[in-house]
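Each chain gets a letter, A, B and so on, in the order the sequences are listed, and its residues count up from 1.
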Protein chains: 4
Amino acid sequence: MDKSEANGGKRSKTRIGAANIDRILDAALIEFAHSGLRGTRIEQVAEAAGMSKTNLLYYFRTKDELYAAALTRTLDIWLEPLRELDSAIGPAAGLTAYIEQKLDYSRRFPEASRLFAMEIMQGAPHLKTVLAGELADLVERKTATIKGWIAAGLMAPVEPLHLLFTIWATTQHYADFSEQIRTLTGKDLTDEAFFAQTKAALVGMILKGVLPRSPG
Amino acid sequence: MDKSEANGGKRSKTRIGAANIDRILDAALIEFAHSGLRGTRIEQVAEAAGMSKTNLLYYFRTKDELYAAALTRTLDIWLEPLRELDSAIGPAAGLTAYIEQKLDYSRRFPEASRLFAMEIMQGAPHLKTVLAGELADLVERKTATIKGWIAAGLMAPVEPLHLLFTIWATTQHYADFSEQIRTLTGKDLTDEAFFAQTKAALVGMILKGVLPRSPG
Amino acid sequence: MDKSEANGGKRSKTRIGAANIDRILDAALIEFAHSGLRGTRIEQVAEAAGMSKTNLLYYFRTKDELYAAALTRTLDIWLEPLRELDSAIGPAAGLTAYIEQKLDYSRRFPEASRLFAMEIMQGAPHLKTVLAGELADLVERKTATIKGWIAAGLMAPVEPLHLLFTIWATTQHYADFSEQIRTLTGKDLTDEAFFAQTKAALVGMILKGVLPRSPG
Amino acid sequence: MDKSEANGGKRSKTRIGAANIDRILDAALIEFAHSGLRGTRIEQVAEAAGMSKTNLLYYFRTKDELYAAALTRTLDIWLEPLRELDSAIGPAAGLTAYIEQKLDYSRRFPEASRLFAMEIMQGAPHLKTVLAGELADLVERKTATIKGWIAAGLMAPVEPLHLLFTIWATTQHYADFSEQIRTLTGKDLTDEAFFAQTKAALVGMILKGVLPRSPG
DNA sequence: TATGAATGAGACTTCATTCAT
DNA sequence: TATGAATGAAGTCTCATTCAT
């Protein structure tokens with residue numbers, strides 16, 4: 001997932017153009033994630049990208065176009081881990097790896113996580129079709145994987161979708177609600193020890209639950 | 001958590017004033033949750049509350065004041081379930097009740113959940129002090145409860161904060177990401193059966209995990 | 001010049017009404033003098049008068065009506081000293097008395113002076129007819145007096161109007177520009193010594209000039 | 001005192017920008033002087049400057065910024081004559097020249113005089129620091145000059161500050177109260193004869209007074 | 001006489017976007 | 001590619017005034 005890929009057909013014939021587009025999208029992600037579509041001013045993005053507003057508009061003709069481009073990148077980041085969920089290695093290793101990777105993404109791309117979250121919370125106006133298409137397809141394949149594991153007796157008969165939702169919710173929470181988490185723990189995922197502790201805690205809870213194993 | 005209480009010193013000397021303030025705050029919650037602070041127009045709230053923009057501004061002098069009032073209400077809703085987490089009944093019943101009640105709140109007040117989430121994701125500019133004060137205090141008391149259960153051998157030695165985060169994340173997810181959930185399942189928490197199923201799934205996963213109990 | 005007289009036919013049948021009207025006009029004078037017609041809010045006057053905006057509007061139906069009333073009072077104050085300029089006592093005593101009384105009015109009614117000044121500076125939209133009528137008549141009579149003195153060889157042949165303008169300008173200056181004067185001298189007319197000093201200085205300059213008498 | 005200088009760091013990188021700023025400030029001076037800060041609409045200034053309101057706001061982001069810029073120019077105009085008061089030529093010629101130049105400024109920049117007056121009368125909120133700094137310094141130097149003349153027996157022992165106030169008051173009066181003056185005389189300083197007559201009258205009164213020279 | 005509620009006409013300001021160079 | 005200039009539509013907020021009690 002190299003971020004300099006997704007230049008969706010933009011004006012980038014020259015090297016400098018491509019570089020500018022990357023700088024813009026980096027800035028846009030941060031600003032949109034922080035203030036939302038309406039709350040972000042184009043000038044603010046331009047400033048963060050180190051260029052004039054007018055020049056930014058040379059690359060992205062409208063605010064919506066810019067937002068859409070930033071969002072597309074975000075979605076790529078969001079989908080990546082799920083794609084790698086592999087049926088071959090079984091639920092214990094497979095889910096552990098998935099949780100760990102999702103959490104790693106929350107650490108590395110917290111703004112992407114937040115931008116995605118805000119978009120969904122506002123009714124996903126720009127993402128509806130992708131959710132119903134690409135995401136739904138992918139999810140269907142992965143739930144089949146999980147169902148296979150259940151059928152093989154490798155895990156408890158949980159509803160696969162709820163499992164996915166739980167993994168998404170918990171791992172993303174550490175990016176999306178980092179402010180709250182920082183207030184209560186004094187740490188966030190950028191802290192190595194806290195990251196490791198969180199990883200262990202989530203894997204433990206989701207795989208084994210919080211109640212004692214031995215009866216009582 | 002009766003919503004008609006929080007008239008924090010507003011112009012509500014008469015009955016009609018208090019009623020208007022309630023209508024305004026109801027509308028404000030919905031609109032702000034949907035479009036954010038910047039994205040919501042005052043007129044939009046006024047219309048939803050069935051009054052003129054100017055009349056709304058008679059009660060709340062600025063948009064920020066209105067937003068702050070709506071947010072305060074939201075926070076009350078958010079904190080309520082946690083306050084009821086009771087040490088006496090033990091982890092199995094206690095956590096089950098807490099999860100169920102949080103989920104019930106997600107069903108009944110999805111907009112409040114979303115508004116709270118958006119505020120936190122933007123860095124909690126209006127809520128920071130409350131988070132560090134009231135919330136931190138409450139959380140400290142409740143983590144003590146959980147630690148007590150662990151010390152008594154009633155539950156596995158999980159880090160209490162991560163447990164709370166997990167419960168918050170999962171239950172709120174069904175409100176905050178309802179659009180995505182609706183796209184993938186065709187349902188949301190307003191569907192009785194789906195609500196029951198979700199409740200069971202979350203309680204099951206968090207209490208017992210997803211791996212089979214008997215080493216299988 | 002008792003200020004409780006000029007209630008120009010206002011609703012003041014009761015004692016309390018008359019008292020309110022006085023309080024309002026006192027406040028209006030101060031506020032209008034400080035911020036001008038447009039710059040003054042009705043509520044500001046009401047507050048200064050210790051009543052609600054709506055109640056003030058019971059006495060003066062519009063802002064303009066209130067302004068006109070305050071201005072009329074002001075004009076009375078302004079004209080008073082000139083009326084007393086007396087031909088019988090000759091220029092030395094007469095002009096001295098006039099200057100002293102004008103300066104005394106600047107000390108006692110600085111807001112009235114300022115309100116009058118602002119109104120004139122903006123083109124006297126509310127005062128034009130009075131200026132051209134009442135004031136012009138009065139001025140004509142007084143310039144005749146001065147001309148008489150000149151004809152009698154009692155004073156130098158100065159243009160009477162310029163003399164009046166000079167007296168008005170200098171005496172009013174100490175009220176209107178009191179801020180500047182306070183900055184440069186640390187004092188204003190409320191300081192007894194400064195008042196006396198100013199009086200002597202003005203009388204001296206206007207009557208005798210600043211150059212040495214004996215052919216220097 | 002060339003008015004096209006004071007572009008205090010504004011957006012004026014191009015020639016067109018500088019020209020626009022000048023046109024705006026010219027218009028602003030007139031409008032503010034006539035209607036005050038609150039009473040003047042931005043659109044009104046824009047119209048007078050021959051551009052759209054939004055374009056004006058491109059150069060001056062707020063009304064206050066525009067007002068401050070106009071006021072600064074005004075102050076420059078106001079201070080100019082005083083700077084030229086010269087000790088070398090003695091009181092008769094020096095004061096005559098000063099009075100004449102002040103009066104000339106009243107004729108050429110009546111709006112600047114009025115704007116300055118209104119600002120002072122409202123308590124000089126935007127000018128306080130400049131008055132206490134630049135103006136106070138300048139005044140101190142000039143009063144020293146006058147004191148020197150008095151010590152040399154070249155003029156009567158008047159308090160220099162009162163002399164300055166008298167000159168300011170009288171000369172500015174013909175600009176600030178021109179409406180009243182026009183009502184009473186039918187003329188103003190734009191009338192050549194009236195200007196000359198006024199000049200002579202003021203110089204005469206201030207230098208020699210109104211009482212007869214011979215045996216007083 | 002007094003006040004809370006309601007309104008409409010403004011006025012300021014922001015901001016995405018277009019134009020011209 | 002880049003930027004200064006210009007604009008129009010929108011949105012917030014103010015304030016005199018009216019209504020109802």
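Residue B:Y58 places no side-chain N or O under 4.0 Å from the OP1 or OP2 atom of F:dT14. Proximity of D:Y59 to the phosphate of F:dA6: a side-chain N or O atom is located under 4.0 Å from OP1 or OP2.
Using modelled atom types, one finds a donor on one side chain and an acceptor on the other under 3.5 Å when comparing D:Y67 with D:E119.
Closest to the C:N55 side chain, of the nucleotides F:dC15, E:dT1, F:dG11, is E:dT1. Considering only side-chain atoms of C:T54, the nucleotide from F:dT18, E:dA2, F:dT12 that sits closest is F:dT18. Listed candidates were F:dT14, F:dT17, E:dA6. Nearest to the side chain of B:L57 is F:dT14. Candidate nucleotides E:dA6, E:dT13, F:dG11 were compared by shortest atom distance to the side chain of D:T62, and E:dT13 ranks first. For B:N20, the side-chain atoms get nearest to E:dA5 when compared with the rest of E:dG4, F:dA5, E:dA5. The nucleotide whose nearest atom lies closest to any side-chain atom of C:K53 is, among F:dT17, E:dA2, F:dA5, F:dT17. Relative to the side chain of C:K63, the nucleotides E:dA16, F:dC13, F:dT17 differ in distance, and F:dT17 lies closest. Distance from the side chain of D:I16 is smallest for F:dA5 among the nucleotides F:dC19, F:dA5, E:dT1. Taking only side-chain atoms of C:R38, from C-beta outward, the nucleotide of E:dT3, E:dA11, F:dT17 with the closest atom is E:dA11.
Two residues are said to be in side-chain contact when any heavy atoms from C-beta on lie closer than 4.5 Å; B:I120 and A:D176 fail this criterion. In this structure, the side chains of D:L66 and D:L56 come closer than 4.5 Å at one or more pairs of heavy atoms.
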message = Under the criterion side chain to side chain contact (heavy atoms under 4.5 Å, CB included), I'd like the reasoning laid out for D:H126 against D:L37: C-alpha separation, chi angles, the key distance, then a yes or no.
response = CA-CA 11 Å; D:H126 299 79; D:L37 175 52; 4.1 Å; yes
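Between the P atom of F:dA10 and the CD atom of B:E43 lies a distance of 11 Å, rounded to the nearest Å. When rounded to the nearest whole Å, the span between CD of A:E31 and C1' of E:dC15 equals 16 Å. Rounded to a whole Å, the CG atom of C:L66 is 15 Å from the C1' atom of F:dC15. Separating the CZ atom of D:F60 from the P atom of F:dA5 is a distance of 12 Å, rounded to the nearest angstrom. Counting to the nearest Å, the P atom of F:dA5 and the CZ atom of D:R61 are 13 Å from each other. The CD1 atom of D:I42 sits 14 Å away from the C1' atom of F:dT12 (whole-angstrom rounding). F:dA5 atom C1' lies 12 Å from atom CD1 of D:I21, rounded to whole Å.
Within a 6.0 Å radius of CD in B:E47, other residues, nucleotides and ligands contribute 12 heavy atoms or fewer.
The two residues A:A49 and A:I24 come nearest to each other via the heavy atoms CB-CA, 4.0 Å. Pairing each heavy atom of D:R73 with each of D:D22, the nearest pair is NH2-OD1, 3.1 Å. D:T40 and D:S35 get closest at one heavy-atom pair: OG1-CB, 3.4 Å.
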query = Can you give the dot-bracket line for DNA chain E, using ( ) for pairs inside the strand, [ ] for pairs that cross earlier ones, | for pairs with another strand and . for unpaired bases, where Watson-Crick and G-U count if both distances are under 3.5 Å?
reply = .||||||||||||||||||||
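Comparing D:M51 and B:L37 against DNA chain F, the residue whose closest nucleotide sits nearer the 5' end is D:M51. Along DNA chain F, the nucleotide nearest to C:D64 and the one nearest to A:L56 differ in position, and the one closer to the 5' end is contacted by A:L56.
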